Amino acid sequence: MAAWSPAEFTDRLRAVTAARYHDRHPFNLRMHRGELTPAELRRWIAARFHYQRHIPVKDALILAGLDRPEQRRLWLRRIRDHDGTGDGGPGSEGGIERWLRLGEAAGLSREELWDTSRVPPGVRFAVEGYVTFCRLRPTLDAVAASLTELSAPDLMRTRIAAFERHYPWIDPAGLAYFRTRVTQGARDGEEALALVLASARTREQQERAVAALTFKCEVLWALLDAVGGGTS
Ligand SMILES: O=C(O)c1cc(C(=O)O)c2c(n1)C(=O)C(=O)c1cc(C(=O)O)[nH]c1-2
């Protein structure tokens, strides 16, 4: 079968997130309408920390599979975005530290966030599924899975507005993580899309990329299912 044109391939990738991205998950919709209790919001922050702390791990797995310096440079920057540089410059604390501060702003201690035993099993399984996918599948598939980030900036903007409006008990300084991700996520998404378009040349590779992005949407969806269920 002939490969799709770059335009058609892009449309097919965007169709996946349009239909399946977690911005339309019931838990996110409730968050945006201001319906979450403090306990529910704290449960989400703790569960999502488990996801965040594994992002640089899966990016290191992708990094090891990229064979060009310019590609590795992009992925090294992603790892630094999350882990920080520690050199005291602007933003040097990194995304994981910013998420810990979000947790503190919501009344969660750092120890609570690092404590895996508090994370619901379904959240752990979803995150492990994503990391294992990036460890075992071709690197191109793992890069394609990250393309949910094309949709993340809009979600971040909605989330920031919702937190400011509905959850004023969270110190706005704690929202720095989301503010930073608006630009980082947009840039990461566009760079990953360029890499996928350039690297997936056969129809089979393109279809695998679409499947990888579908899988990733399911990871994010399953994670929210696990946060939304049960009691705190
Ligand atoms: O809060 C969100 O809804 C959300 C979604 C996603 C995403 O779409 O995968 C990421 C993030 N946040 C995020 O903060 C982040 O660093 C990130 C990295 C990745 C990735 O797959 O490489 N996705 C996301």
Side-chain angles (χ1 to χ4, degrees), residues 13-14 16-32 41 44-63 65-66 74-84 91 94-103 123 126-135 137 139-163 174-193 195-196 209 212-225 227-228:
L13 290 166
R14 289 195 189 270
V16 172
T17 47
R20 295 169 182 262
Y21 194 53
H22 66 168
D23 56 346
R24 42 169 75 200
H25 189 284
F27 190 88
N28 268 332
L29 297 180
R30 287 185 58 227
M31 181 191 294
H32 300 160
L41 207 50
W44 174 78
I45 290 171
R48 274 298 307 269
F49 180 71
H50 191 71
Y51 177 81
Q52 295 310 140
R53 68 185 285 193
H54 285 89
I55 291 291
V57 173
K58 73 90 189 167
D59 280 329
L61 293 165
I62 293 177
L63 177 69
L66 295 170
L74 297 181
W75 244 263
L76 272 171
R77 196 203 52 223
R78 287 178 181 237
I79 295 172
R80 277 199 297 268
D81 284 346
H82 288 280
D83 285 343
I96 292 182
E97 173 62 25
R98 282 192 286 277
W99 196 278
L100 288 165
R101 291 179 191 173
L102 168 66
V123 171
V127 170
E128 191 173 321
Y130 186 31
V131 175
T132 302
F133 183 93
C134 294
R135 190 189 304 275
R137 298 294 177 102
T139 302
L140 176 59
D141 298 23
V143 173
S146 78
L147 289 176
T148 45
E149 286 201 89
L150 287 169
S151 303
D154 281 344
L155 178 55
M156 295 301 142
R157 287 190 202 94
T158 305
R159 190 179 293 155
I160 291 166
F163 270 62
L175 307 183
Y177 181 84
F178 305 133
R179 298 191 202 286
T180 309
R181 282 313 293 176
V182 172
T183 40
Q184 285 181 351
R187 181 206 57 205
D188 290 355
E190 291 303 330
E191 287 174 354
L193 180 61
L195 188 54
V196 169
L213 185 52
T214 305
F215 163 79
K216 170 66 172 309
C217 287
E218 290 172 352
V219 166
L220 295 171
W221 199 273
L223 191 151
L224 285 182
D225 281 350
V227 177

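Every value quoted in this text rests on a predicted model; they were computed, and no experiment measured them. Atoms within a ligand are numbered from 1 in the order they appear, just like the ligands themselves.
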Tabulate distances under 3.5 Å between N/O atoms of ligand 1 and N/O atoms of the protein, writing both atom names on each line.
unit_1: ligand 1; atom_1: 1 (O); unit_2: R48; atom_2: NH1; d: 2.6
unit_1: ligand 1; atom_1: 1 (O); unit_2: R48; atom_2: NH2; d: 3.1
unit_1: ligand 1; atom_1: 1 (O); unit_2: R159; atom_2: NH1; d: 2.8
unit_1: ligand 1; atom_1: 1 (O); unit_2: R159; atom_2: NH2; d: 3.1
unit_1: ligand 1; atom_1: 3 (O); unit_2: H22; atom_2: NE2; d: 2.9
unit_1: ligand 1; atom_1: 3 (O); unit_2: R48; atom_2: NH1; d: 3.4
unit_1: ligand 1; atom_1: 3 (O); unit_2: R159; atom_2: NH2; d: 2.9
unit_1: ligand 1; atom_1: 8 (O); unit_2: Y21; atom_2: OH; d: 2.6
unit_1: ligand 1; atom_1: 8 (O); unit_2: T148; atom_2: OG1; d: 3.1
unit_1: ligand 1; atom_1: 9 (O); unit_2: Y51; atom_2: OH; d: 3.0
unit_1: ligand 1; atom_1: 9 (O); unit_2: T148; atom_2: OG1; d: 2.7
unit_1: ligand 1; atom_1: 9 (O); unit_2: K216; atom_2: NZ; d: 2.9
unit_1: ligand 1; atom_1: 12 (N); unit_2: R48; atom_2: NH2; d: 3.1
unit_1: ligand 1; atom_1: 14 (O); unit_2: Q52; atom_2: OE1; d: 3.4
unit_1: ligand 1; atom_1: 14 (O); unit_2: Y177; atom_2: OH; d: 2.6
unit_1: ligand 1; atom_1: 16 (O); unit_2: H82; atom_2: NE2; d: 3.3
unit_1: ligand 1; atom_1: 16 (O); unit_2: Y177; atom_2: OH; d: 3.1
unit_1: ligand 1; atom_1: 16 (O); unit_2: R181; atom_2: NE; d: 3.4
unit_1: ligand 1; atom_1: 21 (O); unit_2: Y130; atom_2: OH; d: 2.6
unit_1: ligand 1; atom_1: 21 (O); unit_2: K216; atom_2: NZ; d: 2.6
unit_1: ligand 1; atom_1: 22 (O); unit_2: K58; atom_2: NZ; d: 2.6
unit_1: ligand 1; atom_1: 23 (N); unit_2: Y51; atom_2: OH; d: 3.3

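A distance below 6.0 Å separates the ring centres of F178 and W99. Here H25 and W221 bring their ring centres to under 6.0 angstrom of each other.
Among the candidates L195, L13, T17, the single residue satisfying the side chain to side chain contact (heavy atoms under 4.5 Å, CB included) test with L147 is L13.
Side-chain atoms of T158 come within 3.5 Å of backbone N or O of D154 as a donor-acceptor pair.
For the atom pair CE of M156 and OG1 of T180, the computed distance is 10.5 Å after rounding to the nearest 0.5 Å.
Residues satisfying the side chain to side chain donor-acceptor pair (under 3.5 Å) test with R24, not counting sequence neighbours, are none.
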